[in-house]
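Chain identifiers are assigned alphabetically (A, B, ...) following the order of the sequence lines, protein sequences preceding nucleic acid strands; residue numbering begins at 1 within each chain. Note that these values count all heavy atoms, side chains included, but never hydrogens, waters or copies made by symmetry.
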Amino acid sequence: MSKHELARIFNELGLLLEIKGENPFKAGAYYKAARTVENLDEDLDDLIQEDRLAAIPGFGKAIVQKILEWKATGTIQYYEELKEALPSGLLDLLRVPGLGPRKIATLYSALKITGLEMLERACQENLLLNLPGFGAKTQAKICAGIEFLKEHRHSFLWAEGIERALRIREHLAAHPQVEEVGIAGDLRRFLPVGNRIDLVVAAQDPHSVRAFCSSPAFRQSLGLNAEGRDPEINMLSFELTGGLKVGLTIVDPDTFPTALLFLTGSAEHTAALQQIAKEKGFTLHSGALQKGQEAILCRDEAEIYQKLGLSYIPPELRENRGEIEAAAAGHLPQLVTADDLQGIFHVHTTASDGVSSLRELVEASIAAGFKYLGIADHSRSAFYAHGLGSEALVRQWAEIDQLNKEYPNFTIFKGIEADILPSGELDYDPETLAKFDFVIGSIHSQFRMTESEMTSRILKAMDNPFLTMLGHPTGRILLERPAYAVDLEAVLDKAARTGVIIEFNANPYRLDLDWQWCRRAKEKGVLIAINPDAHSTGELDLVRSGILFARKGWLTAQDVFNTKTEKEVQDHFRRRRKL
DNA sequence: GCCGTTTTCGGCCCGACTGTTTTCAGTCG
């Protein structure tokens, strides 16, 4: 019964209403309610208790009533009825790029298409060509979109996967025989997009735990189906509704460390470990580390590494990209931690499209122990996000000055997320840009330039002395939109030369710059800022989860801009402008 | 469905882009 669940329902309600052809603004009211619920700073229960729901902007009579109904019954009748009236597959169609509610309504009414498979067949038979509003290009785009979706059918974002995995772990841990449950695989290695949820369960009596996991009650409570099993390795395989694959491996507590190591992977990493084991006269497999016939019991993974002559390698580095050699030489990087962070950049307020006020964000940052906060609302070209015009800027700067006085031990930097226009210009004139402490430049339009055009556009922006940081450098939206074409080598080289900081955008849908490029940036001596791109106080915390993915890119505190002190940050801003 | 008023209806962030049209609908950010 989390607020995320309620937000999901409201969002789906909006979509269903649009597909049904209802007033789009009515749908919009539900989208807004979904966003509001998701970003609530206060506890929903408190708001209900104190009868304050109706005071929240966007919550009218109908929405309040539905929230109360959901709290009381776990569902919303209106939502259930709508779902009943429309085939569930229609919502899947929304994932196809270029398909929105109206086109889906046409596909449903004209061709009775209710799901991806039917849509694919209709495309193959050229049935879309003659529908109103459709044509050859639309059909081709839909085909390509379906292909992309099929390819990523079992893929999931880390944030989604970990939520599911934690729920399964909680269920397993409640079993009396279970001693330990480890989340392994792609999730433990912090891959931004995973393909399977792996859990390792240590139990004194694996047989009884396996029976428990096979029971309909266990599966139903977690939405698991399509069970398979491999008795050799005690592995059960499931598929979650929506296509996510889950593997549960149930082992004796003695073999838990080796099983966890192997199921964490990567396959390349464990294969390399096996090779080292062999060279040292051991054999290593998921059941044990052995010397001849004798099993060598290890308390934990660290002891396995130690027996192999290696320092402990954190899971996020286990990709066989040099980490084993580094561990053998004792040169593993001292990875950045959440404790190293001093402050946060790239935060939106209610002045543009955020939902928390400047004051709320400042107070939340102070409460979280940060020393500074870099505000960066959208620039004037971003109409859809209420980009700030000159008057709004003056107002915000005055408010920042006031808050800086009020909180003398905390610094609020005046910043902006300025659109990098197609020409490579930033979205304000130099006089305005000069008044900011820092400027993040981001691409929000014209994604489809050629690589050379896009690269020139970005390099030109980086030549602007007022540009401090490059925001979400590839524009990718994971599992939705690929990165735009850009020569990142050239961008990173330029960053190294000019001192432009490259953003690591910690939004779970972006995680952009990708970890592999983070490492490249580090090698070139480029500074990375781990930014939450927060639109609410709740999202400030994304900076901490972002750390986990930045670590995968081998980043240390020295590589991360927002581990610097307020004074060092000030100095960097000034130096950059004098270039 | 929400909201605010010169309150109980009429507007709701809005422009770019695409592909379909031949003046615009739908999607996207």
As a test of reading the structure: which of [options] is closest to the side chain of [X], going by heavy atoms?
| X | options | answer |
| --- | --- | --- |
| Ala29(A) | dG26(B), dC12(B), dC2(B) | dC2(B) |
| Lys26(A) | dT27(B), dG1(B), dG29(B) | dG1(B) |
| Lys103(A) | dT27(B), dG29(B), dG1(B) | dT27(B) |
| Ile63(A) | dT27(B), dC2(B), dC12(B) | dC2(B) |
| Tyr30(A) | dG29(B), dG1(B), dT27(B) | dG1(B) |
| Phe447(A) | dT27(B), dG29(B), dG1(B) | dG29(B) |

### Lys66(A) NZ/CZ over Tyr79(A) ring centroid, <6.0 Å and within 45° of normal
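Ring-cation test returns no.
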### Task
Please measure how far the C1' atom in dC17(B) lies from the corresponding atom in dC12(B), and state the result in whole Å.
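Between the two C1' atoms, the distance is 23 Å.
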### Message
Between Arg380(A) and Asp427(A) (side chain of the first, backbone of the second, donor and acceptor by atom type, cut-off under 3.5 Å), is there such a pair?
### Response
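At least one qualifying donor-acceptor pair exists.
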### Message
Restricting to ring pair (Phe, Tyr, Trp, His ring centres under 6.0 Å), what partner residues turn up for His346(A), sequence neighbours left out?
### Response
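Partners of His346(A) under the ring pair (Phe, Tyr, Trp, His ring centres under 6.0 Å) test: His348(A).
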Pairwise N/O distances under 3.5 Å, protein to nucleotides 8-10 of chain B:
none

### Task
Could you point out which residue of Asp514(A), Ile528(A), Ile547(A) forms a side chain to side chain contact (heavy atoms under 4.5 Å, CB included) with Phe504(A)?
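Result: among Asp514(A), Ile528(A), Ile547(A), Ile528(A) is the only option passing the side chain to side chain contact (heavy atoms under 4.5 Å, CB included) with Phe504(A).
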### Task
Using a heavy-atom cut-off of under 4.0 Å over every strand shown, decide if Pro97(A) touches base, sugar-phosphate, or nothing.
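Sugar-phosphate contact only - Pro97(A) comes under 4.0 Å of backbone atoms but never of a base.
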### Task
Could you check whether Gly28(A) gets within reach of a base, just the sugar-phosphate, or nothing at all, counting any heavy atom under 4.0 Å?
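Contact class for Gly28(A): none.
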### Message
dG1(B), OP1 or OP2 - any side-chain N/O from Tyr31(A) closer than 4.0 Å?
### Response
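Tyr31(A) to dG1(B) OP1/OP2: no side-chain N or O under 4.0 Å.
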### Query
With sequence neighbours left out, what residues match Glu12(A) under salt bridge (charged side-chain N to carboxylate O under 4.0 Å, His left out)?
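Salt bridge (charged side-chain N to carboxylate O under 4.0 Å, His left out) list for Glu12(A), sorted by chain: Arg8(A).
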### Task
With sequence neighbours excluded, tell me which residues meet salt bridge (charged side-chain N to carboxylate O under 4.0 Å, His left out) with Asp463(A).
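Only Lys494(A) meet the salt bridge (charged side-chain N to carboxylate O under 4.0 Å, His left out) criterion with Asp463(A).
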### Query
Does anything in residues 356-365 of chain A pair up under side chain to side chain donor-acceptor pair (under 3.5 Å), and if so which pairs, sequence neighbours excluded?
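Every side chain to side chain donor-acceptor pair (under 3.5 Å) pair that includes a residue of residues 356-365 of chain A, provided the two are not neighbours, is Ser357(A)-Glu360(A), Arg359(A)-Glu363(A), Arg359(A)-Glu406(A), Glu363(A)-Tyr407(A).
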### Query
What string of B, S and - do you get for nucleotides 17-24 of chain B 5' to 3' if you count protein non-hydrogen atoms under 4.0 Å?
S-SS----
### Query
Only one of Trp397(A), Tyr372(A), Phe370(A) forms a ring-ring contact (aromatic ring centres under 6.0 Å, His included) with Phe413(A), so which one is it?
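Going through the options one by one, the only one that passes is Tyr372(A).
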